[in-house]
J.: 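Below is one structure. I have some questions about it.
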Amino acid sequence: MTKNTANDTYTKKDATAQEGARVMGTVLVTSGTGKTGRRVADRLAALGVPVRAGSRAGEVPFDWQDESGWSAALDGTEAAYVAYYPDLAVPGAAAAMAAFGRVAAASGLRRVVLLSGRGEPQAAVAEEALRGACGEVELTVVRSAFFVQNFSEGALLESVLGGELVFPAGSTAEPFLDIDDLADVVVAALTGDGHAGAVYELTGPRSLTFEEAAEEVGRAAGRPVRYVPVSGPAYAEVLEGFGVSGPEAGFLAELFATLLDGHNSATTDGVKRVLGREAKEFTAFAREAARDGAWHG
């Protein structure tokens, strides 16, 4: 596990920062309507922190493919949550991070929290590109495990509803992370002190195979859900059947093969070290998602 430990400490006093966050200027939340962005924006707003939610078609235009609007989106902001779309490991992400870092430094931004992928070599390259370009801007990197919400509101929902979870994970275990925990960590890093230069690796408290995850989801949903392991190329064909373009489907299948080879199976205590509490258990997520109607379709 790669980690910058020089500034990677967080006291219990800091863990309560969300309850009394210091008054801050405006925070830009990129991909503000996405799964992580909207949760971060809601938490900041609840703390009384001014939020500027950027998206391609939103009130604040922000498009990762169009650098011309970045300066306006950052104008007058103090901090930013950066969630690159579609993934920090895609070709071109490092160049985009370098460009964003230059714009952020020129705008006078004070702090950036970057969402990254755990165990993704190309994502680490993009992290370094941002770090090298943002100058005096404080940078915190949050590397996340596979989201539990992918089963309830993401790419795997349709498969769950159909009763067959088709995925190229074999028997590899993954320490699934609840996005609510991720959002809490991001907000703590945006609003509290002591995070500059830190790299936090976030996982859930327990590793499960996708077969075990499917069984847990099925029990909570009250419907049978069977895990069907497939090869990477076969999964790319499945994605294309759902309308994903050939190049994107191939990239995603290759990315999952890289991530789910066992090197990410170990859990970390990142959530606890930042927030002072344990990460949410998969079983608790599944019960809450079922209660909230995620699998009533």
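These numbers come from the heavy atoms of this one structure, side chains and all, not from hydrogens, waters or symmetry mates. In what follows, residues are counted from 1 in the order of the sequence shown.
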J.: When V142 is tested against each of L114, L182, V82, V199 for side chain to side chain contact (heavy atoms under 4.5 Å, CB included), which residue passes?
T.: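 Of the listed options, the one satisfying the test is L182.
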J.: How long is the gap from CD1 on I179 to OG on S152, to the nearest 0.5 Å?
T.: 7.5 Å
J.: With side chain to side chain donor-acceptor pair (under 3.5 Å) as the rule and sequence neighbours excluded, what pairs involving residues 228-248 come up?
T.: none
J.: Side chains of residues 44-55: which donor-acceptor pairs under 3.5 Å do they make with residues two or more places apart or in other chains?
T.:
residue : atom : partner : partner atom : Å
R52     : NH1  : A73     : O            : 2.7
R52     : NH1  : D75     : O            : 2.7
R52     : NH2  : D75     : O            : 3.2
S55     : OG   : G58     : N            : 3.0

J.: Does any pair with a residue in residues 203-216 pass salt bridge (charged side-chain N to carboxylate O under 4.0 Å, His left out), and if so which ones, sequence neighbours excluded?
T.: R206-E216, R206-E281
J.: Quick one: ring pair (Phe, Tyr, Trp, His ring centres under 6.0 Å) pairs with a partner in residues 123-144, sequence neighbours left out?
T.: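 For residues 123-144, and leaving out neighbouring residues, there are no ring pair (Phe, Tyr, Trp, His ring centres under 6.0 Å) pairs at all.
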J.: What closest approach, in Å, do C134 and L139 show between heavy atoms, and which atom pair accounts for it?
T.: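 Scanning both residues, the minimum pair turns out to be SG-CB, 4.5 Å.
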J.: Taking everything shown except E164 itself, do over 12 heavy atoms lie less than 6.0 Å from its CD?
T.: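 It does: E164 CD has more than 12 such atoms within range.
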J.: Quick one: does any side-chain atom of T267 pair with a main-chain N or O of P175 as donor and acceptor, under 3.5 Å?
T.: no
J.: F151 pairs by ring-ring contact (aromatic ring centres under 6.0 Å, His included) with which of F282, W295, F285?
T.: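 Running ring-ring contact (aromatic ring centres under 6.0 Å, His included) over F282, W295, F285 with F151 returns exactly one hit, F282.
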J.: Please check: side-chain N/O of T140 versus main-chain N/O of H195, any donor-acceptor pairing under 3.5 Å?
T.: yes
J.: Work out which heavy atom in V274 is nearest to a heavy atom in A188; give both atom names and the distance.
T.: CG1-CB, 4.0 Å
J.: Search all heavy atoms of A129 against all heavy atoms of M97 and return the closest pair with its distance.
T.: CB-CB, 4.4 Å
J.: Would the distance check show the side chain of W64 and the main-chain N or O of P86 forming a donor-acceptor pair, the cut-off being under 3.5 Å?
T.: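 Absent.
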J.: Show your working on side-chain contact (heavy atoms from CB on, under 4.5 Å) between L88 and Q122 and close with a plain yes or no.
T.: CA-CA 7 Å; L88 209 59; Q122 291 307 310; over 6 Å; no
J.: Can a donor-acceptor pair be found between the side chains of T36 and Y81 at a distance below 3.5 Å?
T.: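 Looking only at side-chain atoms, Y81 and T36 do form a donor-acceptor pair, the distance falling under 3.5 Å.
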J.: Tell me which pairs pass salt bridge (charged side-chain N to carboxylate O under 4.0 Å, His left out) where either residue lies in residues 85-104, with sequence neighbours left out.
T.: none
J.: Pick from K35, R43, R277: which one makes a salt bridge (Lys or Arg N to Asp or Glu O under 4.0 Å) with D180?
T.: R43
J.: Compare all side-chain heavy atoms of T172 with those of D261 and state whether any distance is below 4.5 angstrom.
T.: no
J.: When you measure from the side chain of D63 to the backbone of G69, do you find a donor-acceptor pair of N or O atoms at a distance under 3.5 Å?
T.: no
J.: Transitively linked via ILVMFWY side-chain contacts under 4.5 Å: L190 with V60?
T.: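 No.
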J.: For L255 versus A89, what's the shortest heavy-atom pair and its separation?
T.: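 The answer is CD1-CB, 4.2 Å.
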J.: Rounded at 0.5 Å granularity, tell me how far OH in Y84 sits from OG in S31.
T.: 10.0 Å
J.: Which pairs, with at least one residue in residues 123-150 and sequence neighbours excluded, count as a ring pair (Phe, Tyr, Trp, His ring centres under 6.0 Å)?
T.: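 Checked against ring pair (Phe, Tyr, Trp, His ring centres under 6.0 Å) - neighbours excluded - the pairs reaching residues 123-150 are F146-F167, F146-F176, F146-F210.
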J.: From R143 CZ over to E120 CD, what is the distance, rounded to the nearest 0.5 angstrom?
T.: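 Output value for this atom pair is 10.0 Å.
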J.: Do you know the tightest heavy-atom contact between G37 and V29?
T.: O-CG1, 3.5 Å
J.: Indicate yes or no for a side-chain donor-acceptor contact from S207 to the backbone of S265 under 3.5 Å, with no hydrogens or angles considered.
T.: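 Checking the backbone N and O of S265 against the side chain of S207, a donor-acceptor pair under 3.5 Å is found.
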J.: Just checking, is any N or O donor in the side chain of T268 or E201 under 3.5 Å from an acceptor N or O on the other one?
T.: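 No.
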J.: side-chain contact (heavy atoms from CB on, under 4.5 Å) for E174 and N264? Distances and angles first, verdict last.
T.: CA-CA 7 Å; E174 172 70 13; N264 280 335; 4.1 Å; yes
J.: Given L202 and R118, is the side-chain contact (heavy atoms from CB on, under 4.5 Å) satisfied, shown in steps?
T.: CA-CA 8 Å; L202 306 183; R118 183 172 180 244; over 6 Å; no
J.: Is the side chain of Y227 donor-acceptor paired with the backbone N or O of A169 at a distance under 3.5 Å, no angle test?
T.: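 Looks like yes, one N/O pair under 3.5 Å.
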J.: To the nearest 0.5 Å, tell me how far F100 CZ sits from F62 CZ.
T.: 5.0 Å
J.: Can you check whether P168 reaches L260 side chain to side chain, under 4.5 Å on heavy atoms?
T.: no
J.: Which pair of heavy atoms, one from A279 and one from T203, lies closest together, and at what distance?
T.: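 Smallest heavy-atom distance, with atoms named: CB-O, 3.6 Å.
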J.: Regarding D181 and R39, does a basic nitrogen lie under 4.0 Å from an acidic carboxylate oxygen?
T.: no
J.: Mind checking the CD-CG spacing from E278 to D269? Nearest 0.5 Å is all I need.
T.: 8.5 Å
J.: Does a sphere of radius 6.0 Å around CZ in R219 hold more than 12 heavy atoms from other residues, nucleotides or ligands, not counting ones at 6.0 Å or beyond?
T.: yes
J.: First locate atom CZ of R110, then atom CD of E138, and finally report the distance between them rounded to the nearest 0.5 Å.
T.: 5.0 Å
J.: Kindly indicate, with the supporting measurements, whether the criterion side-chain contact (heavy atoms from CB on, under 4.5 Å) is fulfilled by L161 and R223.
T.: CA-CA 9 Å; L161 294 177; R223 63 169 74 207; 4.1 Å; yes
